Amino acid sequence: SYDELKKCTSNFSETNEIGSGGYGKVYKGMISDGQIVAIKRAQQGSMQGGLEFKTEIELLSRVHHKNLVGLVGFCFEQGEQMLVYEFMPNGTLRESLSGRSGIYLDWKRRLRIALGSARGLTYLHELANPPIIHRDVKSTNILLDENLTSKVADFGLSKLVQDATKGHVSTQVKGTLGYLDPEYYMTQQLTEKSDVYSFGVVMLELVTARQPIEKGKYIVREVRMAMNKTDAEYYGLKEMIDPSIRNAGNLVGFVKFVDLAMQCVEESASDRPTMSEVVKYIETILQSDG
Ligand code: ADP
């Protein structure tokens with residue numbers, strides 16, 4: 001709308017750059033009502049333009065949920081493309097897991113982060129109208145607010161990103177390597193269950209703190225090979241658990257959580273749960289601790 005346009009073009013001050021990603025640079029800024037925001041400024045040509053794009057963005061700006069990073073505004077003017085989001089002071093889940101942000105996430109916190117993110121995705125799949133497939137669920141797209149509540153970012157955006165191989169018939173995949181639904185390779189289609197797969201990978205990251213592909217090793221395969229169900233406490237995964245949570249002990253519902261993650265990363269999409277089933281299951285894990 002005109003208001004939003006005005007808000008983001010004339011009244012925000014670019015204070016500092018906080019990162020850069022697939023679309024361009026991200027700045028921390030402030031809009032006229034005093035709200036602190038993250039401003040994504042698209043690189044020329046990295047996003048599609050045109051009416052269809054604007055319609056899509058308008059749709060996304062109407063999606064509100066406490067576990068989704070809200071799109072506060074946007075502007076497209078004189079070749080400029082900016083998306084304005086709520087600012088998440090505690091950065092990405094990836095930063096915390098790799099120890100770069102100095103935030104320690106204990107096991108309970110990790111369960112709550114998983115639950116919150118799953119709720120956000122459930123909202124996109126089942127309650128947004130029309131339903132939205134995220135298409136790029138990963139630990140760098142899960143952000144933490146001031147209370148360490150998790151919020152999913154960048155939903156619905158990846159299909160708007162212009163293909164690097166523009167002009168060719170594209171075989172380029174849209175998701176991120178290591179998170180991508182294996183069925184995508186057969187069907188060439190991303191579905192809600194593709195998000196479930198990627199989410200399962202994130203769950204394994206919460207357990208191990210490892211990235212999906214590290215030193216050429218694929219986390220899903222590593223866990224599958226190491227799993228030993230006769231170990232009632234750690235499922236044979238003791239060596240793979242993030243030492244910072246393993247040393248703290250009392251990993252409530254650990255086995256159930258790993259079981260759920262492995263269901264999410266089933267090769268066949270029909271064997272995976274839905275996001276709302278994932279939510280219910282994590283809720284029971286958290287409740288079983290009282
Ligand atoms: P990518 O394309 O890799 O997902 P993004 O362009 O989404 O990267 O973001 C780049 C970086 O900017 C992130 O890693 C994060 O540190 C920061 N960032 C993005 N969105 C926000 C936000 N809403 N609040 C705070 N920081 C953010």
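One-based numbering along the sequence shown. Remember, it's a predicted structure, so these values are computed and weren't measured experimentally. Order of listing sets the numbers, starting from 1, for every ligand and every atom in it.
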What are the distances between nitrogen or oxygen atoms of ligand 1 and protein nitrogen or oxygen atoms, counting only those under 3.5 Å?
unit_1, atom_1, unit_2, atom_2, d
ligand 1, 2 (O), Gly22, N, 2.8
ligand 1, 4 (O), Asn141, OD1, 3.3
ligand 1, 7 (O), Lys40, NZ, 2.7
ligand 1, 7 (O), Asp154, OD2, 3.2
ligand 1, 16 (O), Glu95, OE2, 3.4
ligand 1, 23 (N), Glu86, O, 2.9
ligand 1, 24 (N), Met88, N, 2.9

Do we see a donor-acceptor contact under 3.5 Å between the side chains of Ser150 and Ser117?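 Yes.
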Cut-off 3.5 Å, no hydrogens considered: what does the side-chain donor-acceptor table look like for residues 253-264, sequence neighbours left out?
unit_1, atom_1, unit_2, atom_2, d
Asp259, OD1, Tyr235, OH, 3.2
Asp259, OD2, Tyr235, OH, 3.0

Going by an N to O cut-off under 4.0 Å, is there a salt bridge joining Arg224 and Glu267?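 Glu267 and Arg224: salt-bridged.
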Can a salt bridge be assigned to the pair Lys238 and Glu233 using a cut-off of 4.0 Å between side-chain N and carboxylate O?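 Answer for the salt bridge query: no.
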Quickly, which of Arg110, Lys138, Arg94, Gln211 forms a side chain to side chain donor-acceptor pair (under 3.5 Å) with Glu205? Name it, please.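 Per the side chain to side chain donor-acceptor pair (under 3.5 Å) rule, the option paired with Glu205 is Arg94, out of Arg110, Lys138, Arg94, Gln211.
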Test side-chain hydrogen bond (donor to acceptor under 3.5 Å, both in side chains) on Ser101 and Ser96; report intermediate values, then the result. CA-CA 5 Å; Ser101 63; Ser96 290; 3.2 Å; yes
